[in-house]
Trainee: 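Once you've had a glance at the structure underneath, I'll fire off some questions.
Just so we're clear, the structure is a prediction, and the values are computed from it rather than from any experiment.
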Amino acid sequence: MLEEVAQVSEVHPDHLVIETRRLSACHSCQSHDNCGQRKLAGLFGNGSAFLTIGNPKGLLIKPGQSVVIGLHEGAILKSSLLLYLMPILTLIGASLLASWLFDTELSVILAGVTGLAGGFWLAKIISAKLLSNPSYYPVLLRVNN
């Protein structure tokens, strides 16, 4: 289980609204002055995201407290494969099919773009079905002292 520390923004009887901060690891490296990754991360900044998370154990939590949330590694792996691999595979498959069926470069390009769009559409449909699986949601693990 991957863990992340978050801060509680709101407390409700059955759920919490938490804030997670997107942090970059670029300040811990020795070559941070000459790093392109650090400059790219600086463009987007260290933003924050708000999530609604359940409190099934009924832990006594106050706004401003720090909590640890977790997400299953398998959920992240499957989501990443779906998001990145599905569009690439459909792009390559559609391009190969078009190159086998037709003799023009334009048809291969159009088939590749269509395959890419189809892959994103298919990933959207599959990910909507995965949202009904509770293992794809973060869970409250513990309260930090």
Side-chain angles (χ1 to χ4, degrees), residues 1-57 59 61 63 65-144:
M1 174 136 338
L2 297 173
E3 296 181 358
E4 179 72 27
V5 177
Q7 186 174 10
V8 177
S9 296
E10 299 175 21
V11 177
H12 300 277
D14 58 341
H15 67 277
L16 306 169
V17 177
I18 58 171
E19 179 182 10
T20 60
R21 298 194 191 282
R22 185 175 5 143
L23 299 174
S24 173
C26 288
H27 300 292
S28 61
C29 178
Q30 292 293 333
S31 62
H32 67 274
D33 291 333
N34 301 322
C35 180
Q37 181 69 27
R38 179 175 185 252
K39 293 175 183 172
L40 184 62
L43 290 176
F44 300 106
N46 291 336
S48 61
F50 291 92
L51 299 170
T52 301
I53 190 166
N55 186 6
K57 297 178 185 175
L59 299 174
I61 302 172
Q65 269 187 308
S66 178
V67 294
V68 177
I69 59 172
L71 187 62
H72 295 284
E73 294 96 348
I76 293 175
L77 180 63
K78 288 176 187 176
S79 299
S80 298
L81 286 175
L82 180 66
L83 180 64
Y84 293 109
L85 198 57
M86 179 72 68
I88 296 290
L89 290 178
T90 55
L91 178 142
I92 292 171
S95 298
L96 288 175
L97 183 64
S99 69
W100 182 63
L101 292 176
F102 306 107
D103 195 25
T104 63
E105 187 175 331
L106 180 63
S107 64
V108 174
I109 292 171
L110 291 175
V113 170
T114 304
L116 181 67
F120 281 122
W121 177 75
L122 193 60
K124 180 181 177 182
I125 290 173
I126 294 171
S127 65
K129 291 181 181 180
L130 290 177
L131 284 176
S132 64
N133 188 345
S135 67
Y136 283 85
Y137 289 98
V139 294
L140 179 64
L141 298 177
R142 63 185 173 275
V143 179
N144 279 347

Trainee: Where do Ile69 and Pro138 come nearest, in terms of heavy atoms and distance?
Mentor: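 Answer, listing the atom of Ile69 first, then Pro138: CD1-CB, 4.4 Å.
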Trainee: Does Tyr137 use its side chain to pair, donor to acceptor, with the backbone of Leu131 at less than 3.5 Å?
Mentor: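 Yes; judged by distance alone, with no hydrogens or angles, the pair exists.
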Trainee: So which of Val108, Val113, Leu106 actually passes side chain to side chain contact (heavy atoms under 4.5 Å, CB included) with Leu110?
Mentor: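 By the side chain to side chain contact (heavy atoms under 4.5 Å, CB included) criterion, Leu110 pairs with just one of Val108, Val113, Leu106: Leu106.
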Trainee: Out of curiosity, Leu77 CG to Ser79 OG, how far, rounded to the nearest 0.5 Å?
Mentor: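 One gets 8.5 Å once the value is rounded to the nearest 0.5 Å.
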Trainee: Let me confirm one number: the CD-OG1 distance from Glu4 to Thr20, rounded to the nearest 0.5 Å.
Mentor: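 If I round to the nearest 0.5 Å, the distance is 6.5 Å.
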Trainee: How many angstroms lie between atom OG1 of Thr52 and atom CG of Asp14, to the nearest 0.5 angstrom?
Mentor: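 Going from OG1 on Thr52 over to CG on Asp14, the span is 10.0 Å.
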Trainee: With rounding to the nearest 0.5 Å, note down the distance linking CG in Leu116 to CD1 in Ile92.
Mentor: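 CD1 of Ile92 is found 10.5 Å from CG of Leu116.
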Trainee: Kindly give the heavy-atom pair with the smallest separation between Ser95 and Gly112, and that separation in Å.
Mentor: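 Here Ser95 and Gly112 meet closest at OG-CA, 3.2 Å.
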Trainee: To the nearest 0.5 Å, what is the distance between CD1 (Ile126) and NZ (Lys78)?
Mentor: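 The distance works out to 12.5 Å.
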Trainee: First locate atom CD of Glu10, then atom CD1 of Ile61, and finally report the distance between them rounded to the nearest 0.5 Å.
Mentor: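 If I round to the nearest 0.5 Å, the distance is 13.5 Å.
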Trainee: Counting only N and O atoms by type, is there a donor-acceptor contact under 3.5 Å from the side chain of Ser127 to the main-chain atoms of Lys124?
Mentor: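 Indeed, once roles are kept as given, a pair shorter than 3.5 Å links the two residues.
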Trainee: For Asp103, is the CG atom crowded, meaning more than 12 foreign heavy atoms sit under 6.0 Å from it?
Mentor: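 Open: at most 12 neighbouring heavy atoms sit under 6.0 Å from CG of Asp103.
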Trainee: Are Leu140 and Ile18 close enough that some pair of their side-chain heavy atoms sits under 4.5 Å apart?
Mentor: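 Contact flag for Leu140/Ile18 side chains = no.
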Trainee: Using the rule given for side-chain contact (heavy atoms from CB on, under 4.5 Å), can you reason through Val11 versus Gln65, listing the C-alpha separation, both sets of side-chain angles and the distance that settles it, and then say yes or no?
Mentor: CA-CA 10 Å; Val11 177; Gln65 269 187 308; over 6 Å; no
Trainee: Using a 6.0 Å cut-off, check whether atom CD of Glu73 has over 12 heavy atoms from anything other than its own residue.
Mentor: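 Atom CD in Glu73 is crowded, with more than 12 foreign heavy atoms closer than 6.0 Å.
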Trainee: Determine the minimum heavy-atom distance between Phe102 and Ser107, stating which atoms define it.
Mentor: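 What the structure gives for the nearest pair is CB-OG, 3.3 Å.
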Trainee: If I compare all heavy atoms of Ser9 with all of Glu19, which pair ends up nearest, and what's the gap?
Mentor: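 The answer is OG-CB, 3.8 Å.
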